[in-house]
Amino acid sequence: MSLLNPPQREAIRYLDGPLLVLAGAGSGKTRVITEKIAYLIESCGFNPRNIAAITFTNKAAKEMQERVNKLLAGKPAQGLTISTFHALGVRILREEAVTLGYKPNFSILDSSDCLAIVSELAGSVDKANIRKLQSLISNWKSALVSPDQARKNAQDETETLAANAFASYSGTLQAYQAVDFDDLIALPVALFENHPAVRDKWQNRLRYLLIDEYQDTNASQYRMLRLLAGPRAAFTAVGDDDQAIYGWRGADIENLRGLPRDYPNLKVIKLEQNYRSTVRILKAANALIAHNEKLFDKKLWSELGHGDPITVTVCGNSDQEAESVVMKLQAHRFEHRAAFGDYAILYRGNFQARALEQLLRNQRIPYLLSGGQSFFDKTEIKDLTSYLRLLANNDDDPAFIRAVSTPRRGVGASTLQALGSYAGERRLSLFAAAFEQGFAQRVPARQLAPLLEFCEFINRLQGRAGKEPAAQVMPDLLAAIGYEAWLFEHDEARTARIKLANVQDFCDWLGKKGAEENKTLFDLTQTIALINLLDKKDSEVDAVKLSTLHAAKGLEFKHVFLIGIEEGVLPHREAQADNRIEEERRLMYVGITRAQRSLHLSYAEKRKQGRELIACQASRFIDEMGREDLRFSGGKSETIPDKAATTDRLAALKAMLGKASPG
DNA sequence: GCACTTTATGTTTTT
DNA sequence: CATAAAGTGC
């Protein structure tokens, strides 16, 4: 590993007050954070449990943890916090739940759970607008706007409707003893503001804070940071305004601008040397981002040589684009004797991965898909987690409804409706209401019996879930509900087997995690909502990485393919209207700067949109990169082989590669 | 009233 | 292509 350059060293050593590090892409941002953690522990005598590093994704947290472990070889940093904002929020809330009127076993709802609640509350609103309501509510929460304030400030009908839904939504969550993702930040903020003693306790516990990707903080996260940092303001924030790509989620670049205002003694250090990419790639990235209005002036430079020209491939349609990318990748890999793991294919939307996946599978090219549907979003896993959630928190009505009806056990819509209205009148959870005499009088015995049987089953299991390890309870739970048989009854044998394997993976994960971290089933239930992928060390697997541009931030790859560089896709159609083009441009910038050695762009002249083919144009971003370093190929001038011919060529190429490089 | 089958429908990005 | 509402047998 190379030596630290002067600004990097300064950023690591500076401890006299709040510090902002403006770190361009590939300038060693993560390295500054990890080395600073090591410096604090080894040279400054900090206790690891007094240091917290905060990231935005679990992946980034994990990678940072690994790098810190390597730096502190031999001496594991006991109690060091490296987590996402949300995971830190959960930790605070679990400890302080009672002060806020929650029980420690509160449930965490994911966005689809919340969507279902909003849609129930706003019954008459049509489907397309429900999502708008949800995102309005979420934006208010992350801006720390109360339902009352939202109602007062509502600009139009939709906002009034959403503000009203917001009020009842908050009440509903409280009744369920549940929180959503935004609450994981907003509730600790409220806690710290209303209970100075609790705030002081946490300020004293987390004595030095390091924040990664600072440009992506929203108002509530910034407030949480300020409350945690307190008057001592011992923190290092690292960010790059050119990589702010979470505006749609409430991230506000004003937080970057506001930092010098809120902390007059703020020290600012810029990292401008890029250690990642070739000059050509960097030049294109700089040319592109120059079209945005700049907040801070930064000039990235590199000493890594010119490198290959950037290629731009024009394809007839999106299927041909996928084929061309896979073919080019194979040829490139052969020519450069590179490994599969040196390649990443990046795209704007998850749907673009489909065609690629199929092709890669056909070609037996190993690949890893990151982002997209989370493991814990799969129906079979959500079925099981609903049982776990209900075990941990009897008030979790959505979990109750899902668990009681999967598998079917003679409790149907009308019974649940009766239960729901009774529970509403008596202000009880569904679970508690089921045991009441008053409810028994309202429904016929043949409806009540299966319901009570289910509730008693949950009661019996609950005793065990608190005491026995997950690995012991889960198999019994599965057997008792007959889940395996139910899967094979409902799905084709092939899908049922896949689902069953996922269920098995899930149980193994619970067992492993429970044993490793000595956690009860209850503890594990709460972390599930926040975890995206099963633990797999991506870097250790020799496979092509498929990722959305958002999920690729913070990563780097030797060779990068950026696909779908079209008007309507990147920049996205929905982003054309407002001033959101700049964010799309930053997204493109993030994509370009992931590449170390080579960069390959492509776009299709026609793309399927819904049912029909739509004509597409090259993205404006291609021209903005400056044409002199781009090399174009394909397009109308070139004859495009039909699918069968392409497949033959792929087969021939594959045979050739097979002979050339066994294994 | 319950469970299962068909039909419509809809896609940005993530914690 | 996968999920979600409406429709049909029991």
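Predicted model only: the values in this text are computed from it and were never measured. In the text below, chain A, chain B and the rest are named by the order of the sequence lines, each starting its count at 1.
As judged by a 4.0 angstrom heavy-atom cut-off over every strand, A/A413 is placed among residues touching the sugar-phosphate backbone only. Among the heavy atoms of the strands lying under 4.0 Å from A/V411 are primed sugar atoms or P, OP1, OP2 only; no base atom is included. As judged by a 4.0 angstrom heavy-atom cut-off over every strand, A/R409 is placed among residues touching the sugar-phosphate backbone only.
At whole-Å resolution of the value, CG in A/D180 and P in B/dT14 are 18 Å apart. Atom CZ in A/R446 sits roughly 12 Å away from atom C1' in C/dC10 (whole-Å rounding). When rounded to the nearest whole Å, the span between CD of A/Q134 and P of B/dT15 equals 15 Å. Note: CG (A/D113) to P (B/dT15) measures 16 Å, nearest angstrom. Atoms CG (A/L448) and P (B/dC2) sit 12 Å apart, rounded to a whole Å. Between the CZ atom of A/R573 and the P atom of B/dG10 there is a distance of 13 Å, rounded to whole Å. A/R131 has its CZ atom 12 Å from the C1' atom of B/dT14, to the nearest Å. Per the geometry, CH2 belonging to A/W486 stands 11 Å off P belonging to B/dA3, to the nearest Å.
Of the side-chain N and O atoms in A/N350, none sit less than 4.0 angstrom from OP1 or OP2 of B/dT11. Between A/Q447 and the phosphate of B/dC2, there is a side-chain N or O to OP1/OP2 separation shorter than 4.0 Å. In terms of phosphate contacts, A/T57 brings no side-chain nitrogen or oxygen within less than 4.0 Å of OP1 or OP2 of B/dT14. Close to B/dA3, at under 4.0 Å from its OP1 or OP2, lies a side-chain N or O of A/R408. Checking the phosphate oxygens (OP1, OP2) of B/dT15, no side-chain nitrogen or oxygen of A/S111 falls inside 4.0 Å. Regarding contacts with the backbone of B/dC4, a side-chain N or O of A/H490 is found under 4.0 angstrom from either OP1 or OP2.
Ring stacking is absent between A/F85 and B/dT15, as the pair misses the limits of under 5.5 Å between centres and under 30 degrees between planes.
Here the nucleotide nearest the side chain of A/T415, chosen from B/dT11, B/dT14, B/dC2, is B/dC2. The listed nucleotides are C/dT3, C/dC1, B/dC2; the one nearest the side chain of A/R354 is C/dC1.
With a 4.5 Å cut-off on side-chain heavy atoms, A/R497 and A/F488 count as touching. Within the 4.5 Å cutoff, no side-chain heavy atoms of A/Y102 are placed close to those of A/E96.
Looking at residues two or more places apart in sequence or on another chain, you find no side chain to side chain donor-acceptor pair (under 3.5 Å) involving A/Y603.
For the 3.5 Å distance criterion, the side chains of A/N393 and A/S107 qualify, holding a donor opposite an acceptor.
The stretch residues 210-226 of chain A participates, sequence neighbours left out, in these salt bridge (charged side-chain N to carboxylate O under 4.0 Å, His left out) pairs: A/K29-A/D212, A/K29-A/E213, A/E193-A/R223, A/E213-A/K553, A/D216-A/K553, A/R226-A/D262.
If A/L587 and A/E489 are placed on DNA chain B by their nearest nucleotide, the residue sitting closer to the 5' end is A/E489.
For the atom pair CZ of A/F621 and CG of A/L288, the computed distance is 6.5 Å after rounding to the nearest 0.5 Å.
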